[in-house]
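Read the structure below first, then the notes.
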Amino acid sequence: MKKYNVGIIGATGMVGQRFLLLLENHPWFNVKCFAASSSSAGKKYKDAVKKWHLSSPMPEKFADMRVLDASADRDKIAAEVDFCFCAVNMKKDDLKELEYSYAKAECPIVSNNSAHRATADVPMIIPEINAEHLEVIEAQKKRLGTKRGFIAVKSNCSLQSYVPLLHPLKKFGINEVAVCTYQAISGAGKTFETMPEIMDNIIPYIGGEEEKSENEPLKIWGEVKGGEIKPATAPKITAQCLRVPVSDGHTAACFVKFDKKPSKEEILEAWNGFSGEPQKLALPSAPKKFLHYFEENDRPQPALDRNSEGGMAVSAGRLREDNLFDYKFIGFSHNTLRGAAGGAVLLAELLAAKGYFE
């Protein structure tokens, strides 16, 4: 595999910092430049970062690199890299235009942001589940008038804690899902130091999160038709999302009703045997075993299981029959690895392996 030069737009924030750690020694991707807002432009990275949020130290190789202006230096960045990751914090409409501008400058964008998740010809990918949606990129490039510029996005971080566990069960005919997610503070770009109000507390509202949790899975389970992704019409999903005092890792309590109720053994077998394109292609960031099931009643736990397979596995536990639904279980994933930067890096690896950056 050839080495690709990459840029990181929004490199100073928490997800941007996670990108730098993941890409420090990546076998395929070389960080050529990074960008942020005009207030950070021109500064050395170590001076532009107001606070380093992660437990691992800032990589020395990036500390003295100069930060570019994400908007003003777009053409310079596009000329230097094969593609960019985007994790910038901007208003949705401004972010949409920024990502479009890079794509139209023939710089592919692998986005961690929500701005284009509902755009019909922008693939929203969980690599193990819907890699075939990448084919819509050709229609998107035709619409944009580009030869190689396009946008691909990863889904919302909380979906990773339950959608990968539901996916192998679709063969049994899922018709209703109720899910309650208990989401870590890093999902809001916070630490305990910067979010003191979460201590000894739960906040029962995360703006926009429940709508994403109910609608995004239907796009992921949709099909490419007529140059766009047509969302699935089932199952019906209802969600509640809470912010809880956990540093990293989103937990989901999930309830499922089937057309044809499987046995517990059939569900466990479906989970145990499931893998996708990243495992088939042996992508560098792919977990060898995507779905992990714990027999213990007190697992999975964020403190014990968030770093399973480098934080890229999805865990499950407490599968049992339910009085109202057919089954209920607990799901779990690392929100800034599998759910954010790590998921975007895995998506970029999939795009690279499929030749989309050529």
Side-chain angles (χ1 to χ4, degrees), residues 123-136 155-156 158-182 210-225 228-241 250-280 287-297 299-300 305 308 313-333 338-339:
M124 180 171 63
I125 303 292
I126 297 178
E128 284 86 353
I129 293 178
N130 62 331
E132 71 278 5
H133 283 191
L134 293 181
E135 67 185 66
V136 82
S155 67
N156 192 39
S158 65
L159 267 63
Q160 320 293 325
S161 60
Y162 62 95
V163 170
L165 295 163
L166 292 172
H167 185 72
L169 309 183
K170 288 180 77 235
K171 62 185 178 182
F172 302 118
I174 298 173
N175 57 48
E176 291 181 11
V177 175
V179 65
C180 188
T181 57
Y182 304 86
E210 286 156 3
E211 294 83 356
K212 295 173 190 174
S213 299
E214 293 171 353
N215 295 322
E216 287 188 16
L218 299 178
K219 182 175 181 180
I220 291 166
W221 287 326
E223 60 179 328
V224 178
K225 228 183 219 185
E228 59 183 42
I229 299 165
K230 303 288 188 183
T233 56
K236 292 180 181 177
I237 303 173
T238 184
Q240 290 207 99
C241 302
H250 289 351
T251 300
C254 196
F255 303 78
V256 193
K257 187 176 285 188
F258 296 94
D259 292 329
K260 181 183 176 184
K261 183 179 177 180
S263 67
K264 180 178 178 179
E265 290 70 27
E266 285 177 315
I267 293 176
L268 292 175
E269 183 180 350
W271 284 346
N272 186 55
F274 182 73
S275 63
E277 280 290 286
Q279 288 72 38
K280 178 182 175 183
K288 288 184 172 57
K289 186 172 177 57
F290 181 35
L291 305 180
H292 292 232
Y293 183 77
F294 290 96
E295 296 287 350
E296 300 91 333
N297 283 330
R299 303 281 289 280
D305 304 311
S308 179
V314 175
S315 300
R318 301 201 68 210
L319 174 65
R320 60 222 189 271
E321 293 191 55
D322 184 67
N323 292 330
L324 295 176
F325 289 77
D326 289 325
Y327 284 95
K328 54 192 170 188
F329 62 84
I330 300 297
F332 176 79
S333 65
R338 166 56 72 167

Sidechain-backbone polar pair: Trp271 side chain, Leu165 backbone, donor-acceptor under 3.5 Å: yes
Residue pair Tyr182, His250: steps toward the side chain to side chain contact (heavy atoms under 4.5 Å, CB included) verdict: CA-CA 6 Å; Tyr182 304 86; His250 289 351; over 6 Å; no
Sub-4.5 Å side-chain heavy-atom contact between Glu132 and Val224: no
Which residues share a ring pair (Phe, Tyr, Trp, His ring centres under 6.0 Å) with Tyr327, sequence neighbours left out: none
Close side-chain approach of Asn175 to Lys236, heavy-atom, < 4.5 Å: no
Contact summary for Pro300 and Gly317, nearest pair of heavy atoms: CD-N, 3.7 Å
From CA spacing to verdict: side chain to side chain contact (heavy atoms under 4.5 Å, CB included), Cys254, Val177: CA-CA 7 Å; Cys254 196; Val177 175; 3.8 Å; yes
Side chain Ser161, main chain Ser158, donor-acceptor under 3.5 Å: yes
Heavy atoms of other groups near Glu269 CD, more than 12 under 6.0 Å: no
Gln279 side-chain N/O to Gly276 backbone N/O, donor-acceptor pair under 3.5 Å: yes
Between CD on residue Glu265 and CG on residue Leu319, distance to nearest 0.5 Å: 9.0 Å
Full working for side chain to side chain contact (heavy atoms under 4.5 Å, CB included) between Ile330 and Phe294: CA-CA 10 Å; Ile330 300 297; Phe294 290 96; over 6 Å; no
Mutual orientation of the aromatic rings belonging to His167 and Phe274 [parallel < 30°, tilted 30-60°, perpendicular > 60°]: perpendicular
Pairwise distance NZ(Lys171) to CZ(Phe258) - rounded to 0.5 angstrom: 11.0 Å
Residues Glu216 and Lys219 bridged, charged N to O under 4.0 Å: no
Nearest-0.5 Å distance that lies between atom CD1 in Ile220 and atom CG in Asn215: 11.0 Å
Side-chain (Asn130) to main-chain (Ile126) donor-acceptor, under 3.5 angstrom: yes
Over-ring placement of Lys260 relative to Phe172, 6.0 Å and 45° cut-offs: no
Tyr162 side chain to Phe332 backbone, donor-acceptor under 3.5 Å: no
Asp326 CG to Glu176 CD distance, which is reported to the nearest 0.5 Å: 9.5 Å
Approximate separation, where rounding is to 0.5 Å, of Ile229 CD1 and Lys225 NZ: 13.5 Å
Polar contact flag, side-chain donor to acceptor under 3.5 angstrom, Glu128-Ser275: no
Atom pair CD (Gln160) and CZ (Arg338), whose distance is rounded to the nearest 0.5 Å: 6.5 Å
Sidechain-backbone polar pair: His133 side chain, Gly222 backbone, donor-acceptor under 3.5 Å: yes
Donor-acceptor under 3.5 Å (Glu210 side chain, Gln240 main chain): no
Heavy-atom check, side chain of Leu291 versus side chain of Pro168, under 4.5 Å: yes
Residue of the set Lys261, Lys328, Lys257 for which salt bridge (charged side-chain N to carboxylate O under 4.0 Å, His left out) holds with Glu321: Lys261
Non-hydrogen side-chain atoms of Val314 and His292 separated by less than 4.5 Å: no
Side chain to side chain contact (heavy atoms under 4.5 Å, CB included) between Phe329 and Val256, intermediate numbers included: CA-CA 9 Å; Phe329 62 84; Val256 193; 3.8 Å; yes
Side chains of Ser315 and Ser333 in contact at under 4.5 Å (non-hydrogen atoms): no
Beyond-backbone contact of Pro217 with Ile237, side-chain heavy atoms, under 4.5 angstrom: yes
Flag side-chain contact, heavy atom, 4.5 Å: Phe255 against Leu324: no
Main-chain N/O of Leu268 paired to Asn272 side chain as donor or acceptor, under 3.5 Å: no
Ile129 side chain near Pro127 side chain, heavy-atom distance below 4.5 Å: no
Test log, rule salt bridge (Lys or Arg N to Asp or Glu O under 4.0 Å), inputs Glu228 and Lys230: CA-CA 6 Å; Glu228 59 183 42; Lys230 303 288 188 183; 2.8 Å; yes
Atom of Leu166, atom of Ile174 and distance for their closest heavy-atom approach: O-CD1, 3.4 Å
